[in-house]
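Each remark here refers to the structure printed beneath this line.
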Amino acid sequence: MNSNAKWIKCGSEIGEISPDFRKCFSTGKKVVSAKAYVSAIGVYDLFINQKKVGKGYMEPGWTSMEHRVQYQTYDITDMLDEYNEISIIAGKGWGCGEIGYIRLPHNDCSAISVIASIELTYDDGTGESILTDDSWEVYTSEIAFSEIYDGETVDKSAPVVRLGRAYIDNTAKPELIDQVGEFITERERVLPSELIITPKGERVIDFGQNMVGYVELSIKASKGDRIVMSHAEVLDKDGNFYTDNLRGAKNLVTYICSGGEDTFRLRFSFRGFRYIRLDEYPFDEVDIDGFVAVAVYSDIKRTGRFVCGNDKLNRLYSNIIWGQRSNFLDIPTDCPQRDERMGWTGDAEVFCRTAAINYDVEKFFRKWLGDMALEQGENGLIWGVVPLIRDCGERISAAWGDAAVICPWEIYKAYGNLEMLRENYPMMKKWVEYMHSFGEEEFLWAGAYHYGDWLGMDAGYGIYMGATQTDLIATAFFAYSTSLVVKAGKALGEDTSYFEELYKNVRKAFRETFMKDGLPIIYPKYDALSTDRPVKADTQTAISLILRFGLFEENEREGLVGRLVELIKEYDGCMTTGFVGTPHILHALSDNGRADVAYDLLLQEKNPSWLFSVNHGATTIWEHWDSINDEGEMWDVEMNSFNHYAYGSVFDWMFGDMLGIKICDDGAAYTKIEIEPLTDKRIGFAEGAIDSRNGEIAVSWRYVGEKVRYDITIPENTEATLKIKGLAPKTLKGGSYTIVK
C-alpha cells in the first residue's frame, strides 16, 4: 500500500446506503503491470470498469481493528482499458456496524472509510500511482441497508445519485498490513429441497442443510416488487418457522426488483440458516428453481476425509464439517446466526485439533492468533473473545485463555511451522505467567471467575456452569499449558528449565489440593462455596482432565478410570460433560484401556450424546446437548444455537483413536506418527485419510469374520509406528501395507 494514499469517507448524509467511491483515469500508454491495494474500515468490493475484482467476500476481513487492518492486493493488469473507472463500494461490516450481543458500535467507528492505491507500470519503464484522496467522488449504490446481524436490502430500482467529493478521514489510524489470513469466498451452492406451507400458512423454503452464507435469487418481476426473506435454522415442534433463538438479530434480507431480469445476492452480510420464509413475494406461485443457497467461509483447503459402517456417525461427521464451514468465516466463531458470531477462544481451543484435520487452517489461525497476541494484556491475560468486543467476552477464564497456548501448539504439530510457533511463544509464556501470578497461592489458579465446564449437565437443568470445581479446572489447565510451553520451548531450542520447574510445582500443588487417595476432592474455598450451583468433587470432567493432563500417579490410574466408568453408568450410560470435559472424556477412557466405554458413549443415542441431535435431524452441531428435547421443545431462547462446533471436537478422537492416526510430539507435520486403530464390531469398518505436508496418510480397517483387515498408506518422509493388539510394534516407512489380524 502506497503510504501517500489517504483514508477517505463520504462527506454527505447518506443514511444506511453503502457508499460507492469512484475515480476515473486514463493511461495513455501501454500498461505492462497494474496492482490494486485496497482496504476499508468496514467491508468492501472493488470494481474496475464495472467488473468485480478478485474472489474475496467481506474483505478486508475481521482483525483487531484498534491495532491493524489487512489490505488486499489484486493484479488488475488485464482489466484496464485506455479509459478506466475504479469503484469501491463499502459497507459497515465488522468495522462500523453493531457487534456483540450488547449491540455496540465496534471500535467506536462511526464512518465507513476506504483506502486504495493503484500502481501502474508502463512499457517505457515509467509508473503512476492512483491514490485515494479528496478528488474521489462518492455515489449511492444499490445496497440500501447492510448490517451483519440484521441483514441487507438490495434495491435494483433505486437511481444512482452523485453525493459529491470524498472527505479525508483523519480519524482512521490502524496499522495497514498485507493480508495474513485466507480470503473469505463463496463455496458450495445448495439447491432447495422443498417448499413448505407451515401450519401457520407461511411459505418456507428448506435447503436441507444448516449453513452460513446467503440465498441468491434469479427473478423477473415488476419494478419495485419486493422479495423479503427471513432466515431460520429450525422449525418448531408444530412445523412453524422458528426465530426466537436468534435473539435481537433480525436476519432479514430484502430484494427490490428493477423490472428486468434480476439476480440478487448479498455483498456485505451473511446469514446462518437452513430455512427461509418468504415474508413478501410478488407471485402467488413460488418458483423454488430461482433460489440457491451459497455457502460462504474462508478459502481453506479440505484435507481430511472419513467414512465408517455406521450411517449415524457418518451424519455426525458431516455435521462437524458443516459446523466448521459455518464458523470459520475469517475467524473461529461460536455461532453464525444470532447477535453474537464472535471469536470465542474456548470454542477454538477445544476444536483446533479437529479443525486442522478437516482443513488446512495454518494461515487461518496465524491471522487470528496474531490478533490474540496483539490484544494480550501486559500482565498476560487473554480475553474470552478475539478480536475483543467491548463489554462482551471480557471474562478471563481457564480453557478459554488457554487457547493462547493450546492452539499454537496444535497448529505447530499439524504443520510443523517453527516460525509461527516462535511468533506465538512469547504469548504462550505470558499466559502461563498470568496464571502463575494470580491470587494468593503461587502454584494454584484459584479464586477467579471462570466459565467452568460450560453447559455441563451435572449441575442441574438450566445451569450454565457444570458441577466441576472451577478452581480444579483452572489449575489443571495451568499445569497442562505449562507442560505445552515446555514442549514448545524445546522444539524451538529454548531454555525451558524455569517452566519445567514451574510445571512440577503446579502439578504437586494440584495433587495436594484437589486429590486424595487417588481421586478428586473438594477444595473448601472460593468456587466450592458457590451458592449458584451444586459443586461436586469427582465429576466426569474432573477425572477426565486428571487422566488427560497426566496429573495422576501410575498406582492411581485404575481407580480413576474405574470411577469414571461408574459415573457414566450412574448417568444412564451418558456423559455429563460440557465444553471443557467433552473433548477429553473419550481420550481419557481409550488411553487407559476402556475403548469399549468410549465407543459406548460415541454410539449412545439418548440425551446427552452426539447422536441425539443426529436422530433429531441436525445437519450441524448443536450448542446444547438438548437444544431440542424429545418432546420437540427448545432448550431456551437466550442461548440456543443449532450451529455451534465445540462438541464437534469429538472427531479428533474418531481420527486419532478410531482410525488411530496420532502425531508424535517430535514429529510435527505428521513426519513421525503412531498408528493404533481401536476397532469395534458395532462399527464394522472405518476408513479415513489426511493430506499432510508430505502427502496422504490413509488408514482403513474392516472386520472380515472374526479378524480385522488393516490397510495403511504412508507417504515418503514419514515414519509410522504401527501398534495392533497382539502384534509387536512395527516401523513403517513410505508405502502401502495390508495386515490381517
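Every heavy atom of this structure was used, including side-chain atoms; hydrogens, water molecules and symmetry mates were not.
Interatomic distance, CG of L46 versus OG of S87, reported as 8.0 Å (0.5 Å rounding). One distance of note links CZ of F291 with CG of D289; it measures 10.0 Å at 0.5 Å rounding. Atom CD1 of residue I690 and atom OH of residue Y359 lie 13.0 Å apart, to the nearest 0.5 angstrom. Put simply, CD1 on I41 and OG1 on T171 are 8.5 Å apart, with the number rounded to the nearest 0.5 Å.
Other residues, nucleotides and ligands place no more than 12 heavy atoms under 6.0 Å from the OH atom of Y167. Environment of CG in D78: sparse, with no more than 12 heavy atoms of neighbouring residues, nucleotides or ligands closer than 6.0 Å. For F25, the CZ atom counts as densely surrounded, since its 6.0 Å shell holds more than 12 non-hydrogen atoms of other residues, nucleotides or ligands.
At least one side-chain heavy atom of E340 sits under 4.5 Å from a side-chain heavy atom of C335. Between M427 and L369 there is a side-chain heavy-atom pair separated by less than 4.5 Å. Looking at L418 and L492, their side chains come closer than 4.5 Å, going by heavy atoms from C-beta outward. Counting heavy atoms from C-beta outward, K23 and E85 have side chains that stay 4.5 Å or more apart. Side-chain contact between N49 and M79: absent, with no pair of heavy atoms (C-beta onward) separated by less than 4.5 Å. In this structure, D360 and Y415 have side chains that are in contact, with non-hydrogen atoms separated by less than 4.5 Å. Counting only heavy atoms from C-beta outward, the side chains of Y74 and V38 approach each other to under 4.5 Å. Inter-residue side-chain proximity for Q179 and T73 is flagged as unmet; no heavy-atom pair is nearer than 4.5 Å.
Not one N or O on the side chain of S157 forms a donor-acceptor pair closer than 3.5 Å with the backbone of S258. Not a single donor-acceptor pair under 3.5 Å links the side chain of E410 to the backbone N or O of K413. Using modelled atom types, no side-chain atom of W383 and backbone atom of M372 make a donor-acceptor pair closer than 3.5 Å. Judged by distance alone, with hydrogens and angles left aside, the side-chain atoms of N84 form no donor-acceptor pair with the main-chain N or O of L80 at under 3.5 Å. The closest donor-acceptor contact from the side chain of N251 to the backbone of R271 lies at 3.5 Å or more, if one exists at all. In this structure, the side chain of T63 engages the main chain of R68 through a donor-acceptor pair within 3.5 Å. Without hydrogens or angle criteria, Q324 side chain to A355 main chain gives a donor-acceptor distance under 3.5 Å. In terms of modelled atom types and a separation under 3.5 Å, the side chain of S141 and the main chain of S18 share a donor-acceptor contact. A donor-acceptor pair is defined here as one N or O able to donate and one able to accept, closer than 3.5 Å; no such pair exists between the side chain of S218 and the backbone of G290. Between the T77 side chain and the A34 main chain, a donor and an acceptor come within less than 3.5 Å of each other.
Between the side chains of N2 and E119, at least one donor-acceptor pair of N or O atoms lies under 3.5 Å. Judged purely by distance below 3.5 Å, without hydrogens or angles, the side chains of Y297 and E188 pair a donor atom with an acceptor atom. N694 and S692 form no side-chain donor-acceptor contact under 3.5 Å, judged by distance and modelled atom types alone. Under the 3.5 Å distance criterion, with hydrogens and angles disregarded, no donor-acceptor pair is assigned to the side chains of R341 and Y149. N327 and T333 form a side-chain donor-acceptor contact under 3.5 Å, judged by distance and modelled atom types alone. A side-chain donor-acceptor contact under 3.5 Å links S146 and E152.
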Practice item. Report the C-alpha separation of R162 and E137 in whole Å, then their side-chain angles, then the decisive distance to 0.1 Å, and conclude whether the salt bridge (Lys or Arg N to Asp or Glu O under 4.0 Å) test is met. Key: CA-CA 8 Å; R162 180 183 178 276; E137 296 186 322; 3.1 Å; yes

**Study point:** Working for side chain to side chain contact (heavy atoms under 4.5 Å, CB included), residues V114 and I8
**Key:** CA-CA 6 Å; V114 302; I8 58 174; 3.7 Å; yes

Exercise for review: Starting from the C-alpha separation in whole Å, work towards a yes-or-no answer on salt bridge (Lys or Arg N to Asp or Glu O under 4.0 Å) for K490 and D666.
Suggested key: CA-CA 10 Å; K490 289 183 175 179; D666 59 347; over 6 Å; no

Review point. Where do I321 and R302 land on the side chain to side chain contact (heavy atoms under 4.5 Å, CB included) test, with the steps shown first?
Key: CA-CA 10 Å; I321 292 293; R302 182 76 177 267; 3.7 Å; yes

Check your understanding: What's the verdict on side chain to side chain contact (heavy atoms under 4.5 Å, CB included) for V386 and I331, showing C-alpha distance, side-chain angles and the deciding distance?
Key -> CA-CA 8 Å; V386 174; I331 67 167; over 6 Å; no

Point to revise | side chain to side chain contact (heavy atoms under 4.5 Å, CB included) assessment of D371 paired with H67 | key: CA-CA 8 Å; D371 285 319; H67 298 279; 5.8 Å; no

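With respect to the salt-bridge test (charged N to carboxylate O, under 4.0 angstrom), the residues E128 and K29 do not qualify. A salt bridge links E696 with R305: the closest approach of a Lys/Arg side-chain nitrogen to an acidic carboxylate oxygen falls below 4.0 angstrom. A salt bridge links E142 with K156: the closest approach of a Lys/Arg side-chain nitrogen to an acidic carboxylate oxygen falls below 4.0 angstrom. Of the charged side-chain nitrogens involved, none lies within less than 4.0 Å of a carboxylate oxygen, so that K6 and D134 do not count as a salt-bridged pair.
A pairwise comparison of heavy atoms in G416 and A668 identifies CA-CB, 3.7 Å as the closest pair. Residue P336 comes nearest to F270 through the heavy atom pair O-CE1, 4.1 Å, listed as atom of the first residue, atom of the second, then distance. Considering all non-hydrogen atoms of both residues, A40 and P60 come closest at O-CG, 3.4 Å. Residues A90 and F268 share a closest heavy-atom pair of C-CE1, 3.7 Å. Across all their heavy atoms, E216 and V294 have their closest contact at CB-CG2, 4.2 Å.
The cationic atom of R265 (NZ for Lys, CZ for Arg) does not lie both less than 6.0 Å from the six-membered ring centre of Y57 and within 45° of the ring axis.
Sorted by first then second residue, the salt bridge (Lys or Arg N to Asp or Glu O under 4.0 Å) pairs that include residues 47-59, not counting sequence neighbours, are D45-K52, K55-D299. For residues 373-382, the pairs satisfying side chain to side chain donor-acceptor pair (under 3.5 Å) are S64-E375, with sequence neighbours left out.
F365 and W368 have perpendicular rings, their planes meeting at more than 60° on a 0 to 90° scale where under 30° would count as parallel. Using the six-membered ring where Trp is involved, F273 and H231 have ring planes that are perpendicular, over 60° apart on the 30 and 60° scheme. Ring geometry, Y645 versus F328: the interplanar angle exceeds 60°, so the pair is classed perpendicular (tilted spans 30 to 60°).
Among the candidates E98, E147, E16, the single residue satisfying the salt bridge (Lys or Arg N to Asp or Glu O under 4.0 Å) test with K92 is E16. When each of N417, N424, I411 is tested with R366 by the rule side chain to side chain contact (heavy atoms under 4.5 Å, CB included), just one qualifies, namely N417. Screening R422, K429, K487 for a salt bridge (Lys or Arg N to Asp or Glu O under 4.0 Å) with E494, the sole residue that qualifies is R422. If you run side chain to side chain contact (heavy atoms under 4.5 Å, CB included) between W62 and each of L329, I99, V43, only I99 comes through.
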